[in-house]
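Read the structure below first, then the notes.
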Amino acid sequence: MQVVEKRETRRILLIALVMASLIFIGAYAYTMTQFSVIQQPTTEQKNNVKAPPETVGTETPAQQTAPQILATFPTNGASYSTVKGIVVNVDKGSDKSGVASVIISIDDGSRISLVQTAGKWSLPLTSPITQTGFHRMSISVTDDAGRIATTTVTFGVAPAQRPQV
């Protein structure tokens, strides 16, 4: 009898602990939802308070979209004998803000910023891509309002075929 009573007592105690834990977690979650999170400025940002623009709430959804990546070189799915440069054609759409930066990463390597010239963002490569195989290029475009568009382009590099005689 005593063994059964001890097991039953332990089971009741375990159930009570689980219930108390769930109540505590629920109360904590409810309390945390009552507070709003304020984002602190990073070291790069100034702690300036700006008045909201007079057109708050009047922007159309088209004005709130990230820029679009129209075309790239290298082209997705294409194969080349060598790649000597990168070109990204970006459309800022109907946004009033312009494109702030275009950053790429090839094969998950270091991030490289492209330079805008004649409406396109480009970068000649100091060492062309000649390594045979498939390569993955990640492109990230940020507009002046901080909206980001990203895409990934996969292209191949194959040795040039010699004509048969």
* Structure fact -> Separation between CD1 (I86) and OG1 (T72), nearest 0.5 Å, reads 8.5 Å

* Is it possible for you to say whether M137 and L125 belong to one hydrophobic cluster, with membership spreading through side-chain heavy-atom contacts below 4.5 Å? => yes

* Path from I148 to V88 over hydrophobic side-chain contacts below 4.5 Å -> no

* Asked: Are any non-hydrogen side-chain atoms of D108 and R136 less than 4.5 angstrom apart?
  -> yes

* Structure fact -> On a heavy-atom basis, the closest approach of L123 and S113 is CD1-O, 4.3 Å

* Asked: Which atoms form the tightest heavy-atom contact between A149 and P67, and what is the distance?
  -> CB-O, 3.0 Å

* **Side chains of V141 and D143 in contact at under 4.5 Å (non-hydrogen atoms)** => no

* R11 side, atom CZ; I15 side, atom CD1 - distance, nearest 0.5 Å -> 6.5 Å

* Heavy-atom check, side chain of Q116 versus side chain of V99, under 4.5 Å -> no

* Asked: Should I129 and I112 be counted in the same cluster of Ile, Leu, Val, Met, Phe, Trp and Tyr side chains packed under 4.5 Å apart?
  -> yes

* Which residue pairs pass the ring-ring contact (aromatic ring centres under 6.0 Å, His included) test when at least one of the two sits in residues 106-158, sequence neighbours left out? -> H135-F155

* **Side-chain touch N76/T154, heavy atoms, less than 4.5 angstrom** => yes

* Asked: Out of curiosity, I139 CD1 to I106 CD1, how far, rounded to the nearest 0.5 Å?
  -> 9.5 Å

* Structure fact -> In short, A158 meets T132 closest at the heavy-atom pair CA-CG2, 4.4 Å

* Asked: Can you tell if the side chain of T75 reaches within under 4.5 Å of the side chain of Y80, non-hydrogen atoms only?
  -> yes

* To do: Heavy atoms only: give me the nearest V157-Q131 pair and the separation to one decimal.
  => CB-O, 3.4 Å

* Asked: At what distance, to the nearest 0.5 angstrom, does CG of N89 lie from OG of S122?
  -> 11.0 Å

* To do: Flag yes if V102 and V87 sit in one hydrophobic cluster, no otherwise; membership is Ile, Leu, Val, Met, Phe, Trp, Tyr, and two members link when side-chain heavy atoms are under 4.5 Å apart.
  => yes

* To do: Give, for atom CG of L13 and atom CG of L17, the distance between the pair rounded to the nearest 0.5 Å.
  => 5.0 Å

